[in-house]
Amino acid sequence: MADNLLYDVLEVSANASLEEIETSYLRILEELGTQSLAMYSMFDEHQVEQLRARIEEAYLTLSDADRRQAYDLSRTLSAKATGDSRNENYRDQAALSDDRVEIGDLIQHPVAEVTAHLMDDVAEGAVRIPSSSPSPSGAGVRSVSGKRKRLSTVALPNITPETEFSGALLRQLRESCEMSLDELSDATKINKRYLHAVEENDFETLPAPVYVRGFVSEYARALGLDPKAVRDSYMVLYKRYRGSGS
Amino acid sequence: MKRKIIAIGGGKGGIGKSVISANLGVYFAQQGKSVILLDADLGGANLHTCLGLNSPQRTLSDFVSQNVQDLKSLVIPTGIPNLELISGAFDFLNAADIKHTEKLRLLREVTKLDVDYVIIDLGAGTGFNILDFFLIADHGILTVVPEPTSIENAYRFIKAAYYRRLKTLEMSWNLKSLVESAMAEKGTKGLRTPADLISYVERRDVAAGASLRKEIARFPLDLVVNQVRTAEERKLGPSMSEACRKYFGISMRFLGAVPYDDAVWQAIKQRKPVLVDNPTSHASEGIREIAQSLGMEKA
């Protein structure tokens with residue numbers, strides 16, 4: 001997956017301000033919407049919808065400070081991990097063009113479908129954009145509209161405020177939603193390897209705590225769980241492993 | 001200077017390919033370069049008319065029917081110094097149905113022509129014959145007019161040309177099989193934009209993806225917008241170029257726009273190239289600018 005993908009989709013630099021992101025997002029949507037002669041017949045209706053969903057998805061992540069930070073962190077780590085191969089990728093990209101929408105990704109990513117539905121529901125006022133504050137329901141479960149199964153409708157182990165969110169439990173919850181690790185990776189923009197490490201409580205592979213907190217928050221958010229509750233619980237386990245916390 | 005082959009296509013008929021081909025030829029000839037114009041619009045040849053040549057003694061049809069070996073023996077003078085024509089006039093009724101082996105022979109001979117510029121006027125449509133001539137060019141110029149029908153044909157042409165190129169490219173076995181499976185995938189009707197395709201291949205094989213990316217980048221596509229009447233229409237060129245880059249991953253260089261100009265149809269009626277009939281007209285200026293952009297190295 002190209003490292004800069006979401007920023008490229010919105011045609012902004014990686015350190016663009018929120019205002020720049022919003023402006024660019026609106027401009028690109030408008031471009032797609034108008035019956036511009038220059039793009040006549042380039043795409044069929046289905047492709048336009050997919051392109052739109054892709055743009056909405058990028059905006060959802062980059063316009064939210066927490067999600068953007070988690071995304072940026074995972075990009076940095078991916079870059080370090082892949083090292084030379086990434087440089088080669090960039091060289092080739094520079095030869096062609098840096099900011100190119102990979103429409104092929106649209107066809108593969110189911111999350112774009114989910115996002116599209118989510119946007120409809122947001123427009124109708126039915127769903128609040130996720131925030132950091134814990135939900136009043138205490139169990140940390142919030143409804144997520146869209147095609148994916150709701151956690152609240154699935155038979156789960158009893159989740160109480162005392163529940164320890166270990167990696168194994170997270171995996172169990174993920175599988176209850178019928179979400180694959182690939183799908184979760186797409187949804188959170190976090191490398192599959194780190195998500196897997198979170199599930200395995202593989203603290204050796206996981207990087208510094210500040211990153212792990214971000215990963216776990218995003219994991220929780222993607223499942224419709226309260227990020228803070230899950231994160232705090234997971235970090236207890238993490239610190240226990242690491243001895244004195246840092 | 002190294003010989004350049006320029007092909008002019010556009011998918012749609014009647015948008016000025018022959019006029020632009022002929023006048024580009026005139027321009028380079030006026031600059032002292034040796035130019036051969038080739039009328040590859042099999043079944044619809046017009047170049048001889050644009051140049052006011054009545055009954056060419058030798059034509060492209062002879063290449064096939066007389067089994068002529070050397071294309072140079074078919075050139076005829078145009079009356080303009082340095083400019084010669086291989087005409088398509090009087091082609092037989094099924095000229096467009098040229099046999100595959102004959103086409104290959106013709107393509108080979110075109111690449112052997114020893115002049116500064118070979119300018120090929122392609123026909124309308126996106127058939128294999130047209131695409132193959134387009135793909136041997138160093139510069140493939142797409143011509144459009146600011147109408148949705150023309151734009152539609154242009155994008156169809158771009159996609160057709162790129163698929164044709166992929167089919168005929170020398171590829172490593174791995175890349176070839178990935179491309180084939182991408183094209184065959186259900187739900188996409190085998191049609192993918194170039195950017196799509198690169199994405200698909202890259203995800204499965206980074207090296208093959210990189211090599212495919214390089215090939216697509218080498219696609220030598222230029223754009224000319226003809227019959228422009230308003231400032232808005234002038235923007236069409238850069239907009240299409242940008243859209244192509246963004247969404248197709250193809251770099252299409254906008255060369256320039258030719259304004260709609262009465263001088264053009266007046267010249268055609270006179271059966272003279274507008275650069276000769278009315279060299280100070282706006283259309284002539286536009287064509288000269290385009291020729292000059294062509295001369296510059298690709299960015």
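Labels below follow one simple rule: chain letters A, B, ... track the order of the sequence lines, proteins then strands, and each chain is numbered from 1.
- Atom NZ in B:Lys235 sits 12.5 Å away from atom CG in A:Leu37 (nearest 0.5 Å).
- The CD1 atom of B:Ile151 sits 10.5 Å away from atom CE of A:Met42, with the distance rounded to the nearest 0.5 Å.
- Interface remark: B:Glu147 contributes backbone atoms only to the contact with chain A (heavy atom separation under 4.5 Å).
- Residue A:Arg171 places its CZ atom among more than 12 non-hydrogen atoms of other residues, nucleotides or ligands, all under 6.0 Å distant.
- With a 6.0 Å radius and a threshold of 12 heavy atoms from other residues, nucleotides or ligands, B:Arg288 has its CZ atom above the threshold.
- Chain A forms more heavy-atom pairs under 4.5 Å with one residue of B:Pro148, B:Pro146, B:Pro238 than with any other, namely B:Pro148.
- Heavy-atom minimum distance, A:Met39 versus B:Ala243: CG-CB, 3.7 Å.
- We find the OH-CG distance between A:Tyr40 and B:Leu236 to be 14.0 Å, quoted to the nearest 0.5 Å.
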